[in-house]
Every structure is written in structure tokens, then in C-alpha cells.
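Have a look at the structure below, then the notes.
Keep in mind it's a predicted model, so treat the numbers as computed, not measured. Proteins come first, then strands; the chains are lettered A, B, ... in the order of their sequence lines, and each starts at number 1.
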Amino acid sequence: MSQRGKELASTFSPAEIEAPLYEKWISAGYFTADANSTKEPFSIVLPPPNVTGILHIGHALDQTLQDCLARIKRMKGYEVLWLPGMDHAGIATQNVVEKQLAAQGMSRHDLGREEFVKKVWQWKAESGGAILGQMRRMGDSVDWSRERFTMDEGMSNSVLALFKKMYDAELIYRAERIINWCTRCLTALSDIEVEHQDDAGEFVQVRYGDGEQSIVVATTRAETMMGDGAVAVHPNDPRYKHMIGTEVLLPLVNRMIPIIADELVDPDFGTGAVKVTAAHDPNDFEMAMRHNVPFVVIMNEHGIMEGSGTEFDGMDRFDARVAVVAKLKELGRIVAEKRPYIHAVGHCSRCDTTVEPRLSKQWFVKVAPLAKASADAVRSGAVKIEPEELAPRYFDWVDNMHDWCISRQLWWGHRIPVWYGPNGEMVVVGPGESAPAGYVQDVDVLDTWFSSGQWAFSTFGWPEKTADLAKFYPTSVLVTGYDILFFWVVRMMMMSTFAMDGVPPFKTIMLHGLVRDQFGKKMSKSRGNVVDPLEFMDKYGADALRFTLARGANPGTDQALAEEWVGGSRNFATKLWNATRFAMMNGATVEGPMPEVSKLSAIDKWILSRLTETIRDADSLFEKFEFAKASELIYHFAWDDLCDWYLELSKESFATGSAADSQRVLGHVLDQLMRLLHPLMPFITEELWVSLTGGESLVIAKWPEANLNYLDKMAENLVTQMQAVITEVRRFRNDQGVKATAKIPGRLTTNGELAKYASAMGFVLKLEVKEFTPTASFEIGSVKCELDLSGTVDVVAERARLTKDLATVQKDQQTAQVKLGNEGFMAKAPLEVVTEIKERLVKTQAEIERITAALAALPST
RNA sequence: GGGUGCUUAGCUCAGUGGUAGAGCGUCUCGUUUACACCGAGAAUGUCGGGGGUUCGAAACCCUCAGCGCCCA
């Protein structure tokens with residue numbers, strides 16, 4: 001069914017075309033990838049949004065860029081798979097459901113584990129995945145038939161298989177360590193789930209021991225002193241050297257503790273002596289391991305003091321801090337205090353509770369070998385990071401990674417596949433296996449990132465040897481914000497490279513920045529500057545939002561976004577709509593072969609030349625992930641070259657009815673432009689292109705190729721001259737107060753090639769062709785312009801204009817003269833630069849002559 | 001404290017050695033049958049300060065100042 005020539009509505013309304021077009025694409029199955037295809041694969045896995053999430057502006061950017069790449073590659077003939085899905089987002093989701101329960105006065109413990117998990121699934125089914133529906137609004141060309149969820153059967157299988165594989169390779173172990181503990185979520189957290197904030201705490205100096213045998217320690221956490229096992233100083237600190245190896249009395253609990261020497265202590269910090277609380281501080285834990293300092297636990301999982309055997313037991317940790325300091329003060333042991341003392345304190349990234357370092361038995365991933373492989377993959381060039389300036393950040397992370405705590409004391413997530421026997425036996429259960437009778441499964445679940453880290457291969461069916469895995473792994477490019485480089489990208493690299501026997505998960509990691517508000521400030525609810533992409537799409541259309549985001553997307557850098565700019569993109573869409581409508585009204589067509597180039601007008605040759613340059617340059621920019629620059633380039637070609645100049649210069653020939661060649665050229669230019677713009681603005685381009693060409697769909701159309709035969713510097717030069725003439729005459733008219741709409745008698749005379757286009761220029765300038773007596777006459781280059789202003793020329797305005805122009809040109813001339821008079825310049829500057837300056841000098845001289853003559857010709861006032 | 005960016009027109013940003021650019025905003029004129037979600041024209045910057053390298057610096061080097069981000 002051809003829709004060619006279907007008349008376009010007189011105004012463009014995105015809402016009317018978007019949803020039907022998306023339906024068309026889906027029902028045609030364009031986005032469904034074929035693993036058995038012989039085409040070269042191009043695959044992207046969508047960074048899975050949280051199941052709890054809705055589309056925010058960052059997703060909109062991320063998806064615009066991915067869709068743009070997917071669509072280009074599809075048009076280039078690749079077998080494209082863009083795989084969508086969601087992340088179960090352990091803590092985040094569990095918190096949401098717990099909040100709902102709390103609203104009913106219940107906790108998860110009231111329901112019990114099984115019922116609670118059922119409830120989460122139920123909630124996921126009801127309100128989860130809103131974001132996936134919103135992706136349709138964006139026009140995302142994802143393969144819905146392959147949609148995945150990190151807790152679906154296949155991925156759960158993959159989690160079991162990989163856990164076992166890693167365990168067998170001794171990359172997973174269980175140990176008692178200091179971990180980050182959230183006293184509200186009651187779970188362990190990995191390092192990246194902790195956010196450091198500058199908090200107002202206190203810094204107190206406490207005297208341990210008495211008289212000769214005393215030492216002053218500095219601490220921000222006085223309440224943990226009951227758990228101290230030692231005092232540490234730097235081994236070379238002259239103040240304390242003589243005390244190393246001796247003991248001091250620990251106040252409040254009256255226990256003797258040793259003074260140890262450790263290089264970890266910074267002699268310049270505080271008093272140079274620190275308390276060692278092995279069970280409640282990660283650094284102290286390390287020192288304690290080296291010096292056999294005992295672990296004294298004095299706090300429980302809720303952050304309540306417990307087991308210290310003092311009056312403070314039963315107090316909240318923060319209350320205890322106040323009470324302990326008060327007591328020490330009473331005992332005369334406080335030497336100095338500073339309050340507030342601003343220092344970095346870890347907070348739970350999900351609920352903001354102050355994180356408590358806690359000694360606890362957890363499962364860990366031994367990251368050293370995995371991180372090394374991940375680093376090597378990038379260092380060797382097997383995986384490229386774009387832009388490469390961000391690679392150091394990646395290395396900084398993978399080269400200094402701590403072991404990864406993967407167990408969580410949550411209920412929502414993949415349960416740890418380890419079963420314990422009645423006599424302390426332990427067995428790891430892989431896919432399809434089961435534990436011996438009487439064994440009990442570990443109650444904890446795995447960190448969300450343990451499963452989402454497998455996203456690049458488990459989504460293709462691993463550990464089965466599937467066709468998808470063979471065809472689409474490794475994926476071509478990972479598109480994501482630099483803010484999750486450490487969170488997710490590194491984990492994907494580690495887990496994939498291990499699971500896939502050394503093959504990293506992507507060939508390129510393309511990092512984009514964050515979307516900020518119009519003043520470049522970070523968007524946040526508290527600032528009230530959060531924008532809603534859905535609202536923008538409602539108001540301006542998906543294409544406008546996409547184009548705005550792409551146009552702001554310089555590699556790896558943040559972009560500011562203002563609503564007006566989205567409006568500007570909508571204006572661009574409208575411009576395209578109207579230009580195409582106008583072109584079709586004037587017979588633009590893609591029927592028949594392209595005319596012989598040599599027979600075309602310079603105007604036609606010029607637009608083909610510009611089209612070729614635009615295609616060539618935009619394509620190369622897209623290949624380099626330079627979305628902003630590619631968008632800018634296409635925007636200016638479409639608006640400036642095509643609409644403002646080509647259509648205007650062609651109006652005369654369209655009006656006179658002898659424009660078959662131009663109609664074909666214009667049809668071709670629009671056809672190619674729509675293809676080029678389609679990845680950025682899929683809806684409007686599809687609508688216009690189908691109307692213009694009667695083709696099936698741009699989604700499956702061929703990507704434009706730059707036809708280098710169309711490059712024509714002569715034609716470009718000629719049109720540049722035409723533009724100069726037209727601009728100059730317009731300026732003159734404007735200065736003279738002649739309305740742009742007013743037709744005035746006038747003529748342009750010139751010689752050579754340009755003479756052929758005098759009437760086209762005259763048409764644009766609304767010059768009336770008739771006999772007249774010029775009242776104004778001037779020259780622009782080789783073109784003489786004579787006008788009848790039907791009255792006197794505004795001499796004052798004209799003199800002012802010419803005088804200003806003269807000054808500008810004289811300055812240019814001077815600059816050129818100075819350069820050419822500079823011996824150093826003449827001796828050392830490259831020849832082409834010297835030639836260019838010489839040409840500039842000649843031009844300025846001619847221009848000065850012209851303006852001087854024009855000034856002289858003005859009647860004196 | 002360690003690392004890493006940034007500072008260019010009113011705002012947000014391009015611009016890595018050869019006469020300063022874009023979008024938005026501003027001013028003037030204009031309803032010409034593609035488009036007022038438009039057109040035409042205009043104004044606006046000693047490229048953060050100072051020093052250096054160079055025939056030539058917004059760009060390269062040094063230094064100072066301010067802002068940001070990541071990590072601890």
C-alpha cells in the first residue's frame with residue numbers, strides 16, 4: 001500500500017503520528033532480531049532500569065543514544081539486537097514494599113519471608129515496569145520478544161551457575177569481616193552502596209591511663225571505646241616511641257590495653273595516637289589482624305550498645321556517644337573537644353541511615369583476579385572506553401578494588417545457593433541440582449549487582465550454548481552514564497569476562513554525562529528543578545525531546561537542559577514538516593533516475609554537494625559517538641542550507657514551471673535527509689519519508705551514503721557569492737527602511753556563471769523586473785545592483801552603514817598588512833597560510849575601493 | 001587529603017596554533033500562499049588574572065584565583 005503523495009496536514013502534531021507509527025514498527029517486527037541471520041551482528045543490552053522506576057530524563061538520554069545507534073546500524077544492514085529489561089533492584093524494591101506495609105502498621109516479619117516475597121512479586125506485576133511502557137513513547141527500537149528481568153527463570157539459572165563456577169574457582173568465599181552495615185535495613189552493604197557525606201560530628205581527645213603511663217587518643221567515635229583492644233601510634237613517632245609495647249588503662253571499662261605501632265597511623269592527625277576498635281572500624285580491623293588485638297563487640301545489629309558490660313548498654317549509639325563523653329568529662333579525661341567537627345561519614349545509599357562498620361560473617365567475591373582481567377581487557381585495547389579521557393577513572397577503580405561483599409540480609413533477591421548440613425557441611429547447589437536431605441539453605445540473598453553484572457550474557461541464555469549467545473555476544477557497545485562506571489560497568493566486565501572464558505562483554509563502553517537543569521545544576525527533588533521527560537514529550541513530541549538530548553550529548557560531559565530548548569527542537573520538527581509539505585506541493589519527487597549532474601543548475605549542484613558533505617561528516621561523527629556535533633551539522637544543513645537558501649533560490653524555477661531536474665533533486669535531498677535524521681527523530685522522518693517516497697519504512701531503509709561525485713566546490717563558491725549578494729541587498733533595503741515584502745524595481749547585472757542566476761536572486765529579493773531609473777546603485781563583488789527606491793535614499797543611514805563597514809574592512813586590511821610585513825611570519829608561516837592572508841589583503845583592498853566609491857557617490861547632506 | 005575536570009556572548013555550551021562560533025534570549029522591521037512553532041536585519045566577548053613558548057595563543061607550558069565531580 002503506497003502512501004505516496006498522501007497530503008500532509010497543514011500543521012505537524014506529534015501526538016497524532018507517534019503511537020500509530022510505533023505500532024506499525026512493532027507489528028512489522030522490525031525490531032525483532034534473528035540469531036540465525038547471516039548479517040553481521042550489532043547488539044546492545046539496555047542498562048536495566050529498576051523495576052520500581054519511571055522514566056526520568058537520564059533514561060531518556062541514555063535511550064535516545066542507544067536507539068540512535070541501533071537504528072543507524074539497522075539501516076546499515078546489521079542484524080541489530082537491542083535487548084530491553086529490568087533489574088529487580090534488591091534493597092530499593094524491598095524498601096518500597098516495606099514502606100507500603102508500614103503504612104498498614106506491618107513489617108515484613110509479620111508476613112514472613114515467603115508471603116513477603118510473594119507480595120513483592122505481586123507489586124512488581126502490578127506497578128513494576130512502567131518504564132518499559134514509557135520506552136514506547138520514546139520510540140525505542142528494542143526487541144520486546146527478548147525482554148528480560150534479573151529475577152526471571154533464565155537469569156536465576158545463570159546466577160546459580162555462575163555462583164558455583166566462581167565458588168569452584170575459589171573466587172567466592174565466606175568470612176568474618178568488617179562490613180558496611182545499615183542498622184535500619186539490617187543488611188550488609190557493599191562499598192558502592194555507601195555514600196559519603198560531610199557530617200557535623202565531634203572530635204574529642206581522651207586521656208587513657210594515668211600519670212607517666214598515659215596517652216591521649218583522638219576520636220570521632222567515643223562511644224566505641226569500650227570495644228578498644230589497643231592504642232596505636234606511628235612506629236617512628238618520637239612522642240610515643242618509648243611507650244610502644246607498654247599498656248595503658250582503658251577508662252570506663254578499666255581494662256589494660258597495649259600500645260602498638262602501625263604505619264597506618266598518621267602522626268599528624270589529632271594527637272598521633274588512635275584507639276583500635278577492631279570490631280567496629282575497618283582500619284582498626286586491619287591493624288588488629290596484624291597485631292593480634294582482640295575483637296570486642298559492644299553493639300548489636302540495630303546500633304544499640306550491647307555487651308560492653310557498662311552502664312551504656314541498651315543505649316542507642318548516638319545517645320551513647322553523648323553519654324560517654326559526659327562521663328569522661330566527669331572523670332576529667334577529656335583533654336580537648338571540637339564540635340562541630342565536619343568529616344565524611346558513610347550513609348546507606350537507600351535510606352540515608354549512618355552506616356555502622358560491623359564485624360559479621362558474609363560472602364565475598366575475591367576481586368583481584370577478576371579486576372585484573374577487566375583492567376587488562378581495556379589496557380590491551382580489546383575493550384575501548386569512549387571518550388578515552390574517562391579510562392583513568394576506570395583504572396583507578398579496578399586497580400584498587402576491595403573484595404566485594406555479596407550477601408545481603410534481605411528477602412528480595414536471589415537466595416544464596418549454599419546449603420548447610422547438620423554437621424557443618426556446606427554445599428553449593430548449581431542449576432538443576434538439589435541439596436542433600438536435611439540441609440538448610442543460607443538465609444541471605446545476593447547483592448543485586450551480582451545478577452545485573454551478568455546482564456550481558458545471561459540475557460542471551462547462558463549457561464546454555466544458545467544461538468543468541470553465539471550471535472550477539474560480546475555486545476557491540478555499552479551505552480551508559482559515567483556515574484555508574486564503578487557500580488555496574490566494572491561488575492559486568494568482571495563477571496562476564498570470567499563467565500565467558502576471557503571474552504569481555506562489550507567492544508566499546510560509551511559513556512555519556514548527566515542531564516542537568518538549565519543552569520547546569522544537578523537536578524534534585526529538594527532543589528525542585530527536576531524535569532519530566534514524559535511531560536516534554538506530551539508538550540513537544542518525542543522527536544523534539546530526543547533531538548534536544550542528542551544535540552546536547554558531547555561525549556562524557558554533562559549537559560544542561562531547558563524547556564525552551566525542547567521547544568526549539570519542536571520548532572525544527574515543524575520546519576521539516578513544512579519544508580517537506582512545500583516541496584511536495586512543488587512536485588518534489590524520487591521517481592526516475594537522478595538527472596545527469598553536469599546538466600544541473602549551480603543551485604542544484606550546490607545542494608547536492610552540501611548534502612554529500614553533510615552525510616559524510618555526520619556519519620563519521622556518529623561513528624565516533626559525537627551525537628551533539630552530528631545533530632548540529634544536520635540541523636544546520638536542513639534549516640540553513642535547505643530551507644533558507646535552496647528552497648528560496650528555487651522558488652523562481654518552481655514558479656515558472658520548468659523545474660523537472662530541481663524537483664528530482666529536491667526529492668532526493670529530502671529522501672536522504674530523512675534517512676540521516678531518522679535515528680535522531682524517528683517519528684516525523686518516517687511520516688514525511690513515507691509520504692514523499694511511498695516507501696515501506698525508514699526503519700528498514702538504507703542508510704545514506706555520501707556520493708562523492710556530487711562534491712562541487714565551484715557550485716559551492718557560486719552559491720556563496722549569491723548568498724553574499726542577497727544578504728547585502730537585504731541589508732541595504734533594511735537600512736533604507738524598505739519592507740522585506742515590498743516589491744521594488746531593481747536589477748542585478750553581472751557576467752559569467754553568476755549571470756545565469758541573476759533572476760533567481762532577484763526573485764528572492766522581490767525585485768520587480770521593469771524599466772526604471774535607479775535611485776540607488778552599488779556593487780557587491782562582480783554584481784551590480786540597481787534599485788529604484790521611489791524616492792530619495794536615506795543618505796544618513798547609508799553613510800553610517802558604509803562608514804561602519806569601511807572601518808571593519810580597514811581593520812581586516814591592517815591585520816593582514818601587519819602579518820605580511822612581519823619578517824618572522826613570512827619566513828616561518830606555512831605557505832598556504834601566507835597565501836590565504838595575501839588573498840585576504842586583496843579582497844579587503846577591493847572592498848575598501850568599493851565602499852569608498854559608494855561613499856563618494858552619496859550626495860552630501 | 002588524593003585524583004580529575006572546568007572557567008569563551010545575558011544563559012547553556014562548541015571550538016587543541018592562523019581574522020572568535022551555535023542554540024536560547026535581546027533589539028529593529030515584517031501576516032511575502034511552506035512555516036509567526038516563521039522570515040529578514042542587528043547588537044553583544046581585551047576567550048578567569050598574571051607570566052612564558054611561538055612569526056602567530058581561546059588553544060601549548062608555568063603560576064594564581066574561583067567553581068565542580070570522583071575517591072578517601
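- At the heavy-atom level, A:Glu563 lies nowhere under 4.0 Å from the strands shown.
- Here, B:A20 and B:A43 have their C1' atoms 16 Å apart, quoted to the whole Å.
- Heavy-atom contacts of chain A under 4.0 Å fall on RNA chain B between two terminal nucleotides, which in 5' to 3' order are B:C11 to B:A72.
- Residue-level contact check: A:Lys521 touches neither bases nor backbone, having no heavy atom under 4.0 Å from any strand.
- Distance check on atom C1': B:A22 versus B:A9 gives 11 Å, rounded to whole Å.
- The same atom, P, is picked in B:U7 and in B:U16; the two are 12 Å apart, to the nearest Å.
- Nucleic acid contact for A:Asp266: none, since no nucleic acid atom lies under 4.0 Å from a heavy atom of the residue.
- Note on ring orientation: taking the six-membered ring where Trp is involved, the planes of A:Phe547 and A:Tyr635 are parallel (angle under 30°, cut-offs 30° and 60°).
- A salt bridge links A:Arg801 with A:Asp805: at least one charged nitrogen is closer than 4.0 Å to a carboxylate oxygen.
- Looking at heavy-atom distances under 4.0 Å, A:Arg840 makes contact with a base.
- Residues A:Lys843 and A:Glu839 are not paired through a salt bridge, judged by the lack of any N-O separation under 4.0 Å between the basic side chain and the carboxylate.
- Ion pairing between A:Lys651 and A:Glu648 holds under the 4.0 Å rule for side-chain N and carboxylate O.
- Within the nucleic acid shown, A:Glu836 comes within 4.0 Å of sugar-phosphate atoms alone, with no base atom in reach, counting heavy atoms only.
- Across the C1' atoms, B:A34 and B:G10 are found 33 Å apart, a figure rounded to whole Å.
- B:C38 and B:G23 have their P atoms separated by 12 Å, given to the nearest Å.
- Taken residue by residue, residues 805-816 of chain A places heavy atoms nearer than 4.0 Å to RNA chain B at A:Asp812.
- Heavy atoms of A:Thr580 sit nowhere under 4.0 angstrom from any nucleic acid atom.
- Taking 4.0 Å as the cut-off between side-chain N and carboxylate O, A:Arg221 and A:Glu356 count as a salt-bridged pair.
- Looking at A:Asp640 and A:Trp645, their side chains never bring a donor and an acceptor atom within 3.5 Å of each other.
- Using modelled atom types, no side-chain atom of A:Arg177 and backbone atom of A:Cys405 make a donor-acceptor pair closer than 3.5 Å.
- For the pair A:Arg570 and A:Val194, nearest-nucleotide mapping onto RNA chain B gives the more 5' position to A:Arg570.
- Note on A:Pro392: nothing from the nucleic acid sits closer than 4.0 angstrom, heavy atoms only.
- Closest-nucleotide positions on RNA chain B for A:Ala579 and A:Phe572 were compared, and the one nearer the 5' end corresponds to A:Ala579.
- Applying the side-chain hydrogen bond (donor to acceptor under 3.5 Å, both in side chains) criterion to A:Arg516, with sequence neighbours excluded, gives A:Asp558.
- The aromatic rings of A:Phe778 and A:Phe732 sit tilted, their planes meeting at an angle between 30° and 60°.
- Counting any heavy atom pair closer than 4.0 Å across all strands shown, A:Asp644 reaches sugar-phosphate atoms only and no base atom.
- The separation of B:C70 from B:U12, taken at their C1' atoms, amounts to 23 Å, rounded to a whole angstrom.
- Residues A:Lys522 and A:Asn529 have side chains that never bring a donor and an acceptor to within less than 3.5 angstrom of each other.
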